[in-house]
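Have a look at the structure below before the remarks.
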Amino acid sequence: MLTSVSHVDMDDYRRIPLYPTLEDITDGPPSLCANHVNRPYKNCDEYLNNFFRLMREDFVSVIRDTLKSYQRGLDIHTMWYYANVKIEPKRNSSVTMFFRFDTPSHAKALNYEDSKRFKNGALLLLSKDTFITFSLGIITDTFRLNKGIVGVDVVDFEEVNKWISIDLLEPQVFYEPYRYVLGVFQDLCETNFPMKNYIIHGLKEISYPSYLASNSIYTINGITFDILQNDQWPSAEILNMDINQYEAFKGALTKEFVMIQGPPGTGKTYIGLEILKIIIENMYDTNKIKHPIMVVCMTNHALDQFLEGIWKITRNISRFGRGTKSDILVNYIPNMSVARKDECANIYVDAKRNVKTSIQKENEHLYNIKEVDRNEGVVDLSLLIQVLDESGFNTWFQDSYDLLAWLLHDISAVNGINPIDFIKKDKLLASQLSKSNKNEAKKKVYFITLKSIKLYCTRIQCQLNDMSHNQKDDEVPKKQDLEHAFKIMKTVEDYLVKHLKLYKSRSENYKNQNNRDLLEKRDRWLLYYNWVRLYLTKEYNSIEKMKDTTRQCRRDMNKFKSIGFLKPVQNKYVIGMTTTAAAKNRYLLKNLKCPIVIIEEAAEVLEPHIVASLSEYCEHVILIGDHKQLRPQTANRIIGKKYRLDISLFERMVNNEIPSYVLAEQHRMRPEIAGLVAPTIYPYLRNHASVMERPHVKGVGMDIFCITHNVHEEKNYELSSFVNSVEANYLVALANYLLKQGYYPEDVTIMAMYNAQVIYITNLINSPPFEHLANIRVSSVDAYQGEENEIVLLSLVRSNNNNSIGFLKTNNRVCVALSRARLGFYMAGDLKLLARASKLWNSIKTYLCSLNALGPKLLLKCQIHNKVIGSASSGLDFEKFTGCQLKCNVKLSCGHLCKELCHIEDSGHLMVKCSNVCNRKCPRDHLCSKMCHEECSCQEMINEITNCGSTMAEERLSSMAIFSIETEIASKLDYEEVIDKFADTKARKISL
């Protein structure tokens, strides 16, 4: 099934297929060379060859291992495997084959469209024999996933199309990024490799960007100077930066290859935006640079965050890809537009035209096959001429009449008339033959058909019938001619009906084969049909070639399709792409000629992905990241570790001592939290003054704490991951407790070191009794890179007797886990195990012990009375906890002290009713006799003088309006004026 590549020179990486081959699977892993992480490469070829093979083996090895596991019956429940898949023949095109992999109802219930399965560009393995042999396909149509149908570009289209039942296997490695990156690496060479002096040769002397040669005068914060003249730069204080930010800012503007390392909370995104802002103001607003800046990130989330920051600087941006979750950036996705008379677009237009032409030719061949296979008559000689030439019969026939005469030699005369001569001379029949049996290209398939003969005979019969009803003497000769014609063609029809039945008969031995006139009539027809079958075989082969041509044309069209974005984005200041989108739109980037490329979170990106994002027109590269946080992820961990593919370009350049800038002042974590990573991981990290005054976390005794335990983990075999239910229950209960202290769900994040634990915790907070916690974010450590929150709860998960701590041995991942919190950080884990297995965790344990922040229970504190009121060593302890039992004694708005028991859940006293006697007075200085929380009303009797001068003592002064006058307002009014107004109101009610 899979095409063998034994004829391909596997020593030349430029000739190696991008997709897996049979040899890749059967021959096992190839010989590979490790990444040069501490030394430069000799030349471009060594670099490209090495990384091409490492990247290709990274995804091929996953497919190889998946097939081996399947054949051994291992981990089948974890695979994306679909049995008894059916082809949807009515939907198939010349390129795309549609498969029904599930029922519509079940597919809709599983919601494949929102899952990670069947992504556009993913690779599928297809087999009819449980993967003893298999073919490959790339997913190209996902519009009907929730109906259980997927469209696939299949390598062996015709072969797979014959299969009755198919098994599909989707490897859990996304093929599309590899395909595009590998394609770029095959195209790169010594002459077009970007920034090769640094990336390949490791030069340590960094030049200035070439675009500054005549444009180095900048205005920054109102100060105009030559940025290439070091002595003209204003000081860090004037630019409102610390010294490390200042040096990074300065270097990023004046060096063509820049790396800025930003430890957690040091503001690497902020400094990146400041750099971009100054470049835009001085190079783009002044129209000195006409080609856009390109911003590249590994993930859609990181790209959205950075572009939203740029959006505040300029609206002249474009964001490629439909993966954005930003309500702002969704309005900046460009639409394709291929303008006429656009030279750059011509290659796309030509590719599109080639696809159409190829499909038309393919359809012509299909039409011919279908028509010939109907066996409705004698095929036109023009279709058979190539077969006759190749078979040595090219001299036998002059034209289609000659072929027909040869096949009808037994009826050379009917009533003394030769049928062939008759057919040639009869105008009606000739007209009939010329109109029928032509395909879309007007190419004749049949010379003569039974249908045309029958139609002719029917018309003759009709004429004879008319004559018999209206017989005239002068029509006798005409009637005789018609009767002769009818008899001749009826004889031909009967002869054809008889011999067309030989279509399925076969014979290889013909008497007198070398002499056309000595062949028996049956042998003539058998030989004729042998030629027809040879013709059909050639047509099928032609279709296969045309399908390959169509696929290649379509791939070329898709490759050049991105040029349609050139017009809409070429005048933008900034365009943003993920690394996959950058490799996919390689042809567009080549024509955009972006001189400046900024890679955000560069230390998380595989080196080939960064290189594939650059073009030969790149003059300035700025890498922003931190190689001490998350490293790039490879599909195969062994390839990453053994061959050092997981070392980013950023880290490799640092290892090769290429100059870089390190930000050193953090603005995120309170000092106690920062102490977890400094100086253990970051020796020079210092705290900004703003973090020294962070408020304490309400309701707990410590702002940083680790709950220790020794309850063992549980293996989740389906996800090949781990769960620790004790930790999960504890942290969810702690989150619930923190919300009762007055925090919002948005203030708290729960992180876990393993995905299975993330799922377990997510299920907990979406189920009773914790549904109100559903808005708390639960995330893996990897997914939370680059983010922060007020309070972070971390589940370490691992606890066992094997001293196995898995991911927790990776210092980069631990660094991210420990540095996300601003105010409070709380861990749950088996720290004894971790400290035994890791030097880093041993240092962390020592540090926590020095803070007295490590133990089996967390002290709970009343934030109102500033007193420890309990502890919690398990999730149940939070449920049993009754809270502070002291009186509240907080001063209420009425001035009295709250007499309730301490009630942190209503710290604003919105639900409290004061039980003291009211101490307010009416304007006549009468005390209210009601309770403080009740509506005031004066109960004292007063005397009123009526308009006639008499005195009334029966009315009470009971106006709530009087008591509602605020003290400060009443003090500003004349007392007599208040009384007069009241008396006037009363006087209206008194009857004289």
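Scope of the values below: all heavy atoms of this structure, side chains included, with no hydrogens, waters or symmetry mates.
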Practice problem: Using distance alone, with no hydrogens and no angle criterion, decide if N775 and E746 have a side-chain donor and acceptor under 3.5 Å apart. | Solution: no
Quiz item: Considering residues, nucleotides and ligands other than E771, do more than 12 of their heavy atoms fall under 6.0 Å from its CD?
Solution: yes
Quiz item: Atom OH in Y737, atom CZ in F881: separation rounded to 0.5 Å?
Solution: 4.5 Å
Quiz item: Would you say the side-chain atoms of N656 pair up with the backbone N or O of V37, donor to acceptor, closer than 3.5 Å?
Solution: yes
Quiz item: Are E604 and R631 close enough for a salt bridge, meaning some N to O gap below 4.0 Å?
Solution: no
Quiz item: Does the side chain of N244 come under 3.5 Å of the side chain of R686 through a donor N or O and an acceptor N or O?
Solution: yes
Quiz item: Does a salt bridge link E713 with R798, judged by any charged N lying under 4.0 Å from a carboxylate O?
Solution: yes
Exercise. Would you please say whether a donor-acceptor pair under 3.5 Å links the side chains of R836 and N803?
Key: yes
Practice problem: Answer yes or no: are there more than 12 heavy-atom neighbours, outside N852 itself, under 6.0 Å from its atom CG? | Solution: no
Quiz item: So, N755 versus Y760: side-chain donor-acceptor pair below 3.5 Å or not?
Solution: no
Quiz item: Are side-chain heavy atoms of T749 and Y784 found at a separation under 4.5 Å?
Solution: yes
Quiz item: When rounded to the nearest 0.5 angstrom, what is the spacing between CZ in R777 and CE in M751?
Solution: 10.0 Å
Exercise. Give, for atom CG of L840 and atom NZ of K845, the distance between the pair rounded to the nearest 0.5 Å.
Key: 14.0 Å
Quiz item: So, S690 and H688: side-chain donor and acceptor under 3.5 Å apart, yes or no?
Solution: yes
Exercise. Would you tell me whether N636 and E57 have side-chain atoms, one donor and one acceptor, within less than 3.5 Å of each other?
Key: no
Quiz item: Hey, are D877 and S873 close enough side-chain-wise for a donor-acceptor pair under 3.5 Å?
Solution: yes
Practice problem: Could you check L808 against M753 for side-chain contact (heavy atoms from CB on, under 4.5 Å), going step by step and ending with a plain yes or no? | Solution: CA-CA 8 Å; L808 280 78; M753 299 297 285; 3.9 Å; yes
Quiz item: Are V181 and T579 side-chain neighbours, meaning at least one heavy-atom pair lies under 4.5 Å?
Solution: no
Quiz prompt | Check: K628/N812 side-chain N/O donor and acceptor closer than 3.5 Å | solution = no
Quiz item: With a 4.0 Å cut-off, would you call E600 and K268 a salt bridge?
Solution: no
Quiz item: What do the steps show when you test L848 against L676 for side-chain contact (heavy atoms from CB on, under 4.5 Å), and what is the final call?
Solution: CA-CA 8 Å; L848 291 171; L676 290 167; 4.0 Å; yes
Quiz item: Quick one: do the S326 and E308 side chains pair a donor with an acceptor below 3.5 Å?
Solution: yes
Self-check item: Qualifying residues under salt bridge (charged side-chain N to carboxylate O under 4.0 Å, His left out), relative to R670, sequence neighbours excluded
Solution: E672, D703
Quiz item: Going by heavy atoms in the side chains, are I599 and V296 under 4.5 Å from each other?
Solution: yes
Quiz item: Are R820 and E787 close enough for a salt bridge, meaning some N to O gap below 4.0 Å?
Solution: no
Exercise. Report the relative orientation of the aromatic rings in F59 and Y178; use parallel for angles under 30°, tilted for 30 to 60°, perpendicular for over 60°.
Key: tilted
Exercise. Just do the side-chain contact (heavy atoms from CB on, under 4.5 Å) check on V781 and L794 with the steps written out, would you?
Key: CA-CA 9 Å; V781 172; L794 174 65; 4.1 Å; yes
Self-check item: Atom pair OH (Y744) and CG (L738), whose distance is rounded to the nearest 0.5 Å
Solution: 15.0 Å
Quiz prompt | Pairwise side-chain contact, V691 with M669, heavy-atom cut-off 4.5 Å (strictly under) | solution = no
Quiz prompt | N/O donor-acceptor pair under 3.5 Å between R652 side chain and E607 backbone | solution = no
Practice problem: Using a 4.5 Å cut-off on heavy atoms from C-beta on, say whether the side chain of V758 contacts that of S779. | Solution: no
Quiz prompt | H712 atom NE2: more than 12 heavy-atom contacts under 6.0 Å | solution = yes
Self-check item: K857 NZ: over 12 foreign heavy atoms closer than 6.0 Å
Solution: no
Quiz item: Side-chain contact, heavy-atom cut-off 4.5 Å: D58 with Y643?
Solution: no
Self-check item: Side-chain donor or acceptor of N35 paired with backbone N/O of L645 under 3.5 Å
Solution: no
Practice problem: Apply ring-ring contact (aromatic ring centres under 6.0 Å, His included) to F52 and list each qualifying residue two or more places apart in sequence or on a separate chain. | Solution: Y13
Exercise. Determine, stepwise, if the pair N736 / E879 fulfils side chain to side chain donor-acceptor pair (under 3.5 Å).
Key: CA-CA 10 Å; N736 187 44; E879 294 181 25; over 6 Å; no
Self-check item: Exercise: do Y41 and N50 side chains pair donor with acceptor under 3.5 Å
Solution: yes
Quiz item: Between R117 and E170, does at least one N-O distance fall below 4.0 Å, as a salt bridge requires?
Solution: no
Quiz item: If you measure from the Lys or Arg side-chain nitrogens to the Asp or Glu carboxylate oxygens, is any gap between R637 and D646 under 4.0 Å?
Solution: no
Practice problem: First locate atom CG of N710, then atom CG of L831, and finally report the distance between them rounded to the nearest 0.5 Å. | Solution: 12.5 Å
Self-check item: Close side-chain approach of L719 to I759, heavy-atom, < 4.5 Å
Solution: yes
Quiz item: Does any N or O in the side chain of D830 come within less than 3.5 Å of the main-chain N or O of L833, such that one atom is a donor and the other an acceptor?
Solution: yes
Quiz item: Judged by atom type as modelled, is there a donor-acceptor pair below 3.5 Å linking the side chain of T266 to the main-chain atoms of P263?
Solution: yes
Donor-acceptor list for residues 722-733 side chains, cut-off 3.5 Å, not counting sequence neighbours:
residue, atom, partner, partner atom, Å
N724, OD1, V726, N, 3.4
N724, OD1, E727, N, 3.3
N724, ND2, V711, O, 3.0
N724, ND2, V797, O, 3.0
S725, OG, E714, OE2, 3.4
E727, OE1, S795, OG, 2.6
E727, OE1, L796, N, 3.1
E727, OE1, V797, N, 2.8
E727, OE2, H709, NE2, 2.6
E727, OE2, V797, N, 3.4
N729, ND2, S725, O, 3.0
Y730, OH, A872, O, 2.8

Exercise. Carefully, step by step, assess I805 and S838 under the rule side-chain contact (heavy atoms from CB on, under 4.5 Å).
Key: CA-CA 9 Å; I805 64 172; S838 162; 4.0 Å; yes
Exercise. Test I844 against every option in L854, V814, V677, I681 by the side-chain contact (heavy atoms from CB on, under 4.5 Å) rule and name the one that passes.
Key: V814
Practice problem: For H627 and N655, test the side chains for any donor-to-acceptor distance below 3.5 angstrom and give the result as yes or no. | Solution: no
Self-check item: Residue pair N763 / N766, side-chain donor-acceptor N/O under 3.5 Å
Solution: no
Practice problem: Please indicate whether L859 has more than 12 foreign heavy atoms, meaning atoms of other residues, nucleotides or ligands, lying under 6.0 Å from its CG. | Solution: yes
Quiz item: Any donor-acceptor pair under 3.5 Å linking the side chain of D304 with the backbone of K325?
Solution: yes
Quiz item: To the nearest 0.5 Å, what is the distance between CG (L734) and CG (L739)?
Solution: 10.5 Å
Quiz prompt | Side-chain donor or acceptor of S720 paired with backbone N/O of N716 under 3.5 Å | solution = no
Exercise. Would you check if V697 and Y826 make a side-chain contact, meaning some heavy-atom pair closer than 4.5 Å?
Key: yes
